[in-house]
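Report on the following structure.
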Amino acid sequence: MQTRKVIDHIVNWLDTYLKDSGLAGFCIGVSGGIDSAVTSTLCAKTGHPVMLLNMPIHQDPGQLSRASVHNAWLKKNYPSVTPKDLDLTPVFAGIQTHFPRDIQDGLTMANTRSRLRMLTLYAFAGHHRLLVAGTGNKVEDFGVGFYTKYGDGGVDISPIADLMKSEVYALGRNLGISEEILTSPPTDGLWGDNRTDESQIGAGYDELEWAMTYTALTQKEKKDQILNDRQQQVLALFEKLHTANRHKMDPIPVCRIPDYLRR
């Protein structure tokens with residue numbers, strides 16, 4: 001991959017899209033992970049206003065520290081950046097107080113955290129006339145659907161959604177993203193125990209990239225490839241998740257009314 005040219009391509013795309021939209025800049029949720037670090041840096045490189053929201057909810061101190069260090073680094077290098085820390089823990093606690101206890105299972109509340117952050121992003125973006133920039137990569141958005149519908153999946157634009165995770169890391173190294181972010185295990189930050197993406201999904205991003213690439217091959221291309229046990233496991237996992245989360249990737253189904261019923 002021609003990393004520098006890819007960076008320039010995305011920055012130019014962002015600049016053009018923003019100018020065509022008539023809005024003032026970008027709004028991004030920064031988590032301390034590689035995807036949000038790369039996305040926020042790409043947006044900052046356009047020279048347009050960028051609001052960085054750090055929105056902890058019972059957050060792991062390490063994630064908070066990485067997000068704060070990244071935001072300070074961006075602010076130092078790009079004057080158009082405005083970092084904001086907004087602790088959503090009390091707001092989330094209020095939701096927990098008013099939701100029935102019997103619906104507050106782990107996954108439901110993890111998704112609720114993500115949707116609370118989306119609500120916050122759009123509140124700031126709407127007030128300041130900004131586009132909400134998504135931070136999902138290709139494996140998450142179009143491979144296994146590892147995101148929350150109307151949570152971190154609720155965005156205006158997706159600058160890195162055509163990049164595999166390894167390609168996001170390549171951009172991150174070229175952009176000068178901190179070593180701590182580059183080497184930290186990916187996590188969605190939606191659980192109190194700081195579990196990693198790999199522990200939730202059941203496979204690493206390198207394995208998922210392989211599976212996504214393999215499924216795109218023709219039958220002729222697959223014919224001479226012998227898969228080992230682990231590859232077969234990962235492939236089955238990828239296909240299961242892709243099917244289960246297809247509803248996130250497809251447009252919302254619309255019940256079309258036949259013309260004869262309108263007469």
Side-chain angles (χ1 to χ4, degrees), residues 26-37 39-40 51-72 82-128 130-137 139-141 144-156 158 180-181 184-203 205 240-241 244-249 252:
F26 305 97
C27 187
I28 305 159
V30 178
S31 65
I34 184 64
D35 293 327
S36 66
T39 301
S40 57
M51 181 167 289
L52 307 177
L53 293 188
N54 186 14
M55 302 171 285
I57 304 174
H58 297 297
Q59 213 70 20
D60 175 80
Q63 295 172 21
L64 278 176
S65 174
R66 290 193 296 274
S68 296
V69 170
H70 174 73
N71 287 354
T82 302
K84 286 189 177 294
D85 293 326
L86 189 64
D87 187 3
L88 295 180
T89 302
V91 184
F92 182 69
I95 293 173
Q96 289 177 303
T97 299
H98 290 89
F99 272 16
R101 296 302 303 176
D102 61 344
I103 72 164
Q104 294 190 46
D105 61 88
L107 183 58
T108 295
M109 299 314 288
N111 284 331
T112 299
R113 290 191 194 200
S114 183
R115 290 174 179 132
L116 176 56
R117 288 176 177 150
M118 182 276 291
L119 181 154
T120 305
L121 282 168
Y122 271 97
F124 277 84
H127 178 76
H128 293 285
L130 307 173
L131 289 168
V132 175
T135 62
N137 60 66
V139 177
E140 293 171 338
D141 283 8
V144 294
F146 188 64
Y147 60 90
T148 299
K149 198 171 187 179
Y150 306 118
D152 51 333
V155 300
D156 293 316
S158 294
E180 187 178 6
I181 290 178
S184 296
T187 176
D188 59 15
L190 298 178
W191 302 81
D193 57 7
N194 198 31
R195 65 189 66 182
T196 64
D197 291 355
E198 183 171 353
S199 69
Q200 293 188 67
I201 298 171
Y205 280 103
K240 176 183 176 181
L241 291 172
N245 291 320
R246 188 77 238 178
H247 67 97
K248 300 181 185 180
M249 310 170 205
I252 298 172

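It should be emphasised that the depicted structure is a prediction, and the values quoted were computed from it without experimental measurement.
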Residue list, side-chain hydrogen bond (donor to acceptor under 3.5 Å, both in side chains) with D35, at least two apart or on another chain
N137, K165
My understanding is that only residues two or more places apart in sequence, or in another chain, count here; which of them pass side-chain hydrogen bond (donor to acceptor under 3.5 Å, both in side chains) with E180?
none
Within 45° of the axis and under 6.0 Å from the centre of the six-membered ring of F124, does NZ or CZ of K84 qualify?
no
How many angstroms lie between [atom1] in [X] and [atom2] in [Y], if you round to the nearest 0.5 Å?
X: M55; Y: T89; atom1: CE; atom2: OG1; answer: 12.0 Å
X: L86; Y: I57; atom1: CG; atom2: CD1; answer: 9.5 Å
X: L131; Y: L121; atom1: CG; atom2: CG; answer: 12.5 Å
X: T97; Y: F92; atom1: OG1; atom2: CZ; answer: 10.5 Å

List the atom of Q104, the atom of F99, and the distance in Å for their closest heavy-atom pair.
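Here Q104 and F99 meet closest at NE2-O, 3.0 Å.
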Given R115, which partner from the list T148, T120, I95, D152 fulfils the side chain to side chain contact (heavy atoms under 4.5 Å, CB included) test?
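It is T148, the one option of T148, T120, I95, D152 that forms the side chain to side chain contact (heavy atoms under 4.5 Å, CB included) with R115.
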Side chains of S31 and S36 only: does a donor on one sit below 3.5 Å from an acceptor on the other?
yes
S114 side chain to N111 side chain, donor-acceptor N/O pair below 3.5 angstrom:
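No, because no side-chain N or O of S114 sits under 3.5 Å from a partner of the opposite role on N111.
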Can you list the steps and then say if Y205 with E198 is a side chain to side chain donor-acceptor pair (under 3.5 Å)?
CA-CA 7 Å; Y205 280 103; E198 183 171 353; over 6 Å; no
